[in-house]
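Taking it in order: structure first as structure tokens, then the write-up.
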Amino acid sequence: MKKKLILPLIGMVLSSVLVIASAFLVEYKLINEVYAVILLIVSMIFLYICIFYLAKYDYETGIYKCKKCGRTFKPTFEAYFWGAHTIKTRYLKCPDCGQKSWCFRKHTEN
């Protein structure tokens with residue numbers, strides 16, 4: 001695993017711990033509900049930043065192969081980010097043939 005991925009993964013774990021801790025602290029009346037909501041909001045913001053960073057890394061290290069024509073291409077980040085996907089495929093429009101299909105991801109070295 002690349003060193004770039006360790007920090008956001010740790011961030012996601014810490015964010016999850018914050019959510020669980022705030023629920024625990026409210027349940028046992030150790031903090032006020034207002035502080036718990038603030039903790040939840042901060043942890044969710046942190047979680048979304050980590051997810052965006054991981055998506056950006058995945059986008060930068062991959063290209064896609066069209067199922068219809070076989071051409072490899074790199075979609076725009078917007079198409080990549082919002083496209084329906086599975087672990088190895090993403091539903092994208094090929095810039096060559098113009099058809100939408102489940103394109104297979106190939107890893108590139110950066």
Side-chain angles (χ1 to χ4, degrees):
M1 184 180 288
K2 298 268 186 186
K3 289 182 181 179
K4 287 182 175 183
L5 297 179
I6 291 176
L7 190 59
L9 290 174
I10 291 171
M12 291 177 77
V13 169
L14 290 176
S15 180
S16 301
V17 168
L18 268 177
V19 170
I20 294 167
S22 64
F24 174 81
L25 293 171
V26 167
E27 179 67 28
Y28 290 99
K29 311 250 187 288
L30 298 173
I31 63 170
N32 188 323
E33 288 88 2
V34 174
Y35 295 126
V37 169
I38 291 170
L39 270 176
L40 286 172
I41 291 170
V42 167
S43 66
M44 293 307 289
I45 290 170
F46 193 57
L47 180 66
Y48 288 131
I49 290 169
C50 292
I51 289 171
F52 181 79
Y53 182 84
L54 289 171
K56 188 173 183 295
Y57 175 80
D58 186 55
Y59 170 75
E60 290 172 352
T61 60
I63 58 173
Y64 289 85
K65 184 175 181 180
C66 178
K67 192 175 184 180
K68 305 280 183 177
C69 69
R71 178 176 182 247
T72 58
F73 65 96
K74 185 167 206 72
T76 64
F77 183 74
E78 183 179 1
Y80 163 84
F81 192 77
W82 295 110
H85 60 279
T86 65
I87 293 173
K88 294 186 178 185
T89 63
R90 196 168 287 270
Y91 194 69
L92 299 167
K93 182 178 180 180
C94 176
D96 194 37
C97 67
Q99 298 292 315
K100 284 189 173 186
S101 66
W102 288 96
C103 301
F104 292 97
R105 184 182 188 281
K106 290 182 163 186
H107 186 75
T108 60
E109 294 298 324
N110 275 351

List the atom pairs, donor and acceptor, that lie under 3.5 Å between side-chain atoms in residues 82-89 and the rest of the protein, sequence neighbours left out.
| from | atom 1 | to | atom 2 | distance (Å) |
| --- | --- | --- | --- | --- |
| His85 | ND1 | Gly83 | O | 3.1 |
| His85 | ND1 | Arg90 | NH1 | 3.3 |
| Thr86 | OG1 | Thr89 | N | 3.2 |
| Thr86 | OG1 | Thr89 | OG1 | 2.6 |

Check side chain to side chain contact (heavy atoms under 4.5 Å, CB included) between Ala21 and all other residues, then give those that pass, not counting sequence neighbours. none
Under a single-linkage rule joining Ile, Leu, Val, Met, Phe, Trp and Tyr whose side-chain heavy atoms are separated by less than 4.5 Å, which residues share a cluster with Trp102? Tyr91
Residues in salt bridge (charged side-chain N to carboxylate O under 4.0 Å, His left out) with Lys67, at least two apart? none
Mind checking whether Met44 and Leu18 have side chains closer than 4.5 Å, heavy atoms only? no
Shared-cluster residues of Phe46, by chain and number - hydrophobic side chains joined below 4.5 Å: none
Under the rule for ring-ring contact (aromatic ring centres under 6.0 Å, His included), what residues qualify as partners of Tyr59, not counting sequence neighbours? Phe77, Tyr80
For Tyr35, which residues count as a ring-ring contact (aromatic ring centres under 6.0 Å, His included) partner, sequence neighbours excluded? none
Sequence neighbours excluded, which residues qualify as side chain to side chain contact (heavy atoms under 4.5 Å, CB included) partners of Ile45? Ile41, Ile49
Other than Val19, what residues sit in its cluster of Ile, Leu, Val, Met, Phe, Trp and Tyr side chains whose heavy atoms are under 4.5 Å apart, directly or through others? Leu40
Taking only residues two or more places apart in sequence or in another chain, which ones pass side chain to side chain donor-acceptor pair (under 3.5 Å) with Lys74? none
Not counting sequence neighbours, which residues clear side chain to side chain contact (heavy atoms under 4.5 Å, CB included) with Ala79? List them please. Pro75, Thr76, Leu92
same_hphob_cluster(Tyr57, Leu9) at 4.5 Å side-chain heavy-atom cutoff: yes
Please name all residues satisfying side chain to side chain contact (heavy atoms under 4.5 Å, CB included) with Cys94, sequence neighbours left out, ordered by chain then number. Cys66, Cys69, Phe73, Asp96, Cys97
